[in-house]
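A short worksheet on the structure shown next.
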Amino acid sequence: MPSDTAVQPSFEELGTPLRDVTFVVVDLETTGGRVADSWITEIGAVKVRGGEVLGELQSLVNPGRPVPAFVARLTGITTAMVATAPPLELVLPSFLEFARDAVLVAHNAPFDVGFLRDACERLGYDWPGYRVVDTVPLARRVVTRDEAPNHKLSTLAALFRARVTPEHRALADARATVDVLHALLERLAPLGVTHLEDLATAADPVPADVRRKRTLADGLPEAPGVYLFRGPGDEVLYVGTSTNIRRRVRSYFTASEKRARITEMLRIAHAVTPVVCATALEAQVRELRLITEHAPRYNRRSKHPERATWVRLTDEPYPRLSVVRDVRHGAEHIGPFTSRRTALAAVEALHDAFALRQCTARLARVSKVAGSPCALAGMGRCSAPCTVTAAPDEAYDDVARAARVALTGDPRRVVEPLAARVGLLASQERFEEAGRVTERLRAFLRAAARAQRLQPVSRCAELVAARPTGAGGWELVVVKHGRLAGTAVTGPHEDPLPVVDALRATAEAVAPPVAPAPACHPEEADLVLDWLEQPGVRLVHVSDPWSWPVRSAAAHVDLARVRAEVGAEPSGQPGDGAGGEGGQVGRHADTMAAC
């Protein structure tokens with residue numbers, strides 16, 4: 001039943017309002033401009049909160065050496081004035097106590113803070129790690145050149161009609177900086193800078209209309225999960241994931257976000273919907289599913305899984321290679337590919353290695369009427385099974401058998417001839433051709449490795465795994481045919497086995513797919529596999545064997561190593577893909593190793 005009681009977000013969710021922040025505005029006078037060879041001669045500080053002055057601190061400091069004449073003329077502080085002043089080791093503790101738990105403010109803060117940090121280091125005090133606000137970049141953000149020729153303290157004090165005129169004395173300059181700070185905060189408030197956390201990025205060159213929308217992050221949870229930016233009609237504009245939703249969403253409104261299309265999205269966005277997840281894996285999977293479901297206009301990846309392509313060795317009397325959208329029983333596949341162009345490159349690599357037919361006609365095992373051989377047959381790149389009328393073309397059977405081994409197991413019959421060809425082309429300085437052959441080989445190996453990786457997990461009806469959380473508990477997942485079907489996290493002193501039983505009982509029901517295609521977006525299966533392969537993951541239950549070929553395509557993805565091996569120990573003749581060595585080529589690499 002809906003409640004009429006309004007819920008106000010906590011201060012932790014909103015941040016600290018500026019009116020509740022205690023600022024200590026500090027100014028130093030020194031004997032010079034460099035920390036390495038200069039010393040503090042005066043400290044002035046004003047403590048304020050909510051526009052009210054809470055206290056002031058001022059003291060001359062004996063630097064232990066004469067004050068240079070040009071500094072004395074600038075500040076009015078002479079050697080005689082500081083001769084009887086307390087040394088820094090007596091003044092610094094008073095300042096640190098005065099500024100405890102406050103936010104330091106200074107005009108050109110690196111100068112003042114640099115001297116204070118150096119003083120703490122020399123005198124053996126730990127630097128308190130103050131939050132620091134510099135009024136110079138804030139002034140650059142909101143004070144234009146038409147208003148003031150520069151952003152010096154004296155110029156800004158005159159512009160904002162400060163009650164105290166800066167005079168190069170610490171306390172007077174600190175008082176003037178207080179008035180400048182308050183004036184700057186008044187100008188920043190309409191830009192959405194209303195909390196202490198906003199000041200950290202207030203000087204970023206973020207468009208004003210975008211910065212004002214920082215309030216979209218208010219109330220978001222500081223937890224792992226997914227966030228959805230929504231437009232005026234509640235449509236999903238963008239989906240992202242983070243280990244801290246609120247912090248990530250806030251970062252979109254700072255200078256760290258440099259993508260023009262995201263800035264455009266932020267101008268349209270009206271709300272952000274969080275989806276808190278128990279684990280980072282769940283967040284990644286939910287992000288992928290939401291992108292697939294909504295196809296947000298500002299997400300570029302993973303929106304159309306139906307466009308993924310595979311390369312199939314067709315189920316025919318004389319098989320051929322085909323680029324397809326779906327996976328069928330009874331045929332060998334590699335993929336999925338992200339583009340048809342990459343799939344065609346892999347097909348070209350296989351055609352370079354094997355004399356597979358490239359015509360699309362469906363041929364009978366034995367034709368009644370002989371066909372006409374094509375140009376490929378004349379070049380020796382096809383045994384022309386379309387021409388046989390007396391008996392089946394067994395030579396083509398050897399070729400098809402070798403191609404199946406390369407697709408599903410050991411790819412060396414593709415790797416070796418193409419790697420040798422790349423070496424030959426490179427030695428002839430035909431680098432562009434060598435690059436094209438390399439790209440074809442890389443496309444084939446990546447697709448074959450991906451299919452061999454997906455195959456076992458796609459066939460597995462149920463897999464339960466656990467990983468330590470680092471806090472004494474366990475992160476549990478249930479995977480069915482490559483799809484994340486359930487996840488949970490146990491506490492440090494909780495028995496995980498009852499949770500495993502409950503998780504299996506309530507896990508999503510998943511229909512078996514046609515392997516190697518998983519029962520989900522291929523990228524989801526990749527995310528699950530990445531998680532399963534992390535150190536420390538333990539298999540709790542596996543319904544079906546989960547294994548890879550010992551000699552798989554994954555062993556050849558590093559083309560630099562492959563090329564070195566082929567160059568050192570050449571085996572076979574480049575381009576010899578007709579399967580003449582039937583016994584060697586036809587031997588399937590069926591030895592399996594448990595992962």
Side-chain angles (χ1 to χ4, degrees), residues 12-13 219-228 239-249 272-294 302 305 453-454 456-513 518-547 594-595:
E12 288 73 18
E13 292 174 331
L220 295 180
E222 295 192 10
V226 181
Y227 52 90
L228 296 84
V239 178
T241 183
S242 175
T243 56
N244 187 312
I245 295 175
R246 180 173 180 266
R247 185 183 305 157
R248 180 67 184 100
V249 172
V272 179
T273 301
V275 180
V276 176
C277 300
T279 64
L281 175 62
E282 181 188 357
Q284 292 173 326
V285 169
R286 286 189 179 275
E287 176 195 28
L288 192 61
R289 292 179 183 177
L290 288 167
I291 291 174
T292 303
E293 177 185 354
H294 297 285
S302 314
R453 186 179 186 231
L454 291 174
V457 75
S458 300
R459 287 181 172 175
C460 186
E462 184 182 69
L463 182 151
V464 183
R467 185 183 71 168
T469 61
W474 292 90
E475 182 179 340
L476 309 171
V477 301
V478 177
V479 180
K480 295 185 178 182
H481 300 296
R483 181 180 178 88
L484 181 65
T487 183
V489 177
T490 64
H493 303 294
E494 184 178 3
D495 184 359
L497 293 181
V499 181
V500 169
D501 294 338
L503 195 59
R504 292 181 63 188
T506 58
E508 177 185 358
V510 178
C520 59
H521 195 300
E523 289 186 28
E524 177 177 334
D526 289 336
L527 291 172
V528 170
L529 285 168
D530 289 342
W531 187 92
L532 291 171
E533 294 164 8
Q534 290 181 2
V537 172
R538 302 184 184 182
L539 295 182
V540 180
H541 168 74
V542 181
S543 63
D544 302 272
W546 182 30
S547 57
C595 292

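These values consider heavy atoms only, across backbone and side chains, with no hydrogens, waters or symmetry-generated copies.
- Other residues, nucleotides and ligands contribute at most 12 non-hydrogen atoms within 6.0 Å of the CZ atom of Arg459.
- Contact check for Val528 versus Val477: no side-chain heavy atoms found under the 4.5 Å cut-off.
- Side-chain atoms of Ser543 come within 3.5 Å of backbone atoms of Ala461 as a donor-acceptor pair (strictly under, hydrogens ignored).
- Among residues at least two apart or in separate chains, side-chain hydrogen bond (donor to acceptor under 3.5 Å, both in side chains) pairs with a member in residues 500-511 are Glu462-Arg504, Arg483-Glu508, Arg504-His541.
- Ala488 approaches Val499 most closely through the heavy-atom pair CB-CG1, 4.1 Å.
- In this structure, CZ in Arg453 is found 11.0 Å from OG in Ser458, a value given to the nearest 0.5 Å.
- Smallest separation of non-hydrogen atoms from Ala511 and Ala519: O-CB, 3.7 Å.
- Closest approach of Cys460 and Leu463 over heavy atoms only: SG-CB, 3.9 Å.
- The two residues Val542 and Leu539 make their nearest non-hydrogen contact at CG2-CD1, 3.9 Å.
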Task: side chain to side chain contact (heavy atoms under 4.5 Å, CB included) evaluation trace for Trp546 with Leu532 - done: CA-CA 11 Å; Trp546 182 30; Leu532 291 171; 3.8 Å; yes
TODO: For the pair Leu454 and Asp526, evaluate side chain to side chain contact (heavy atoms under 4.5 Å, CB included) and give the outcome as yes or no after the intermediate values.
DONE: CA-CA 8 Å; Leu454 291 174; Asp526 289 336; 3.9 Å; yes
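- Of the possible donor and acceptor atoms, none in the side chain of Thr490 sits under 3.5 Å from a partner among the backbone N and O of Glu494.
- Counting heavy atoms from C-beta outward, Leu220 and Val272 have side chains that approach closer than 4.5 Å.
- Closest of all the heavy-atom pairs between Val226 and Ala283 is CG2-O, 3.2 Å.
- Using a 4.5 Å heavy-atom cutoff, the side chains of Leu281 and Thr487 are not in contact.
- A distance of 4.5 Å separates CD in Glu475 from OG1 in Thr279, rounded to the nearest 0.5 Å.
- The CD1 atom of Ile291 lies 14.0 Å from the CZ atom of Arg286; values are rounded to the nearest 0.5 Å.
- When each of His521, Gln284, Glu524, His294 is paired with Arg289, the side chain to side chain donor-acceptor pair (under 3.5 Å) condition holds for Glu524 and for no other.
- Of the possible donor and acceptor atoms, one in the side chain of Thr241 sits under 3.5 Å from a partner among the backbone N and O of Gly225.
- Between Glu287 and Gly240, the shortest heavy-atom contact is OE2-CA, 3.5 Å.
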Open item on the list: Let's go through Leu290 and Leu228 carefully: what are the C-alpha distance in whole Å and the side-chain angles of both, what is the deciding distance for side chain to side chain contact (heavy atoms under 4.5 Å, CB included) to 0.1 Å, and is it a yes or a no?
Closed with: CA-CA 9 Å; Leu290 288 167; Leu228 296 84; 4.0 Å; yes
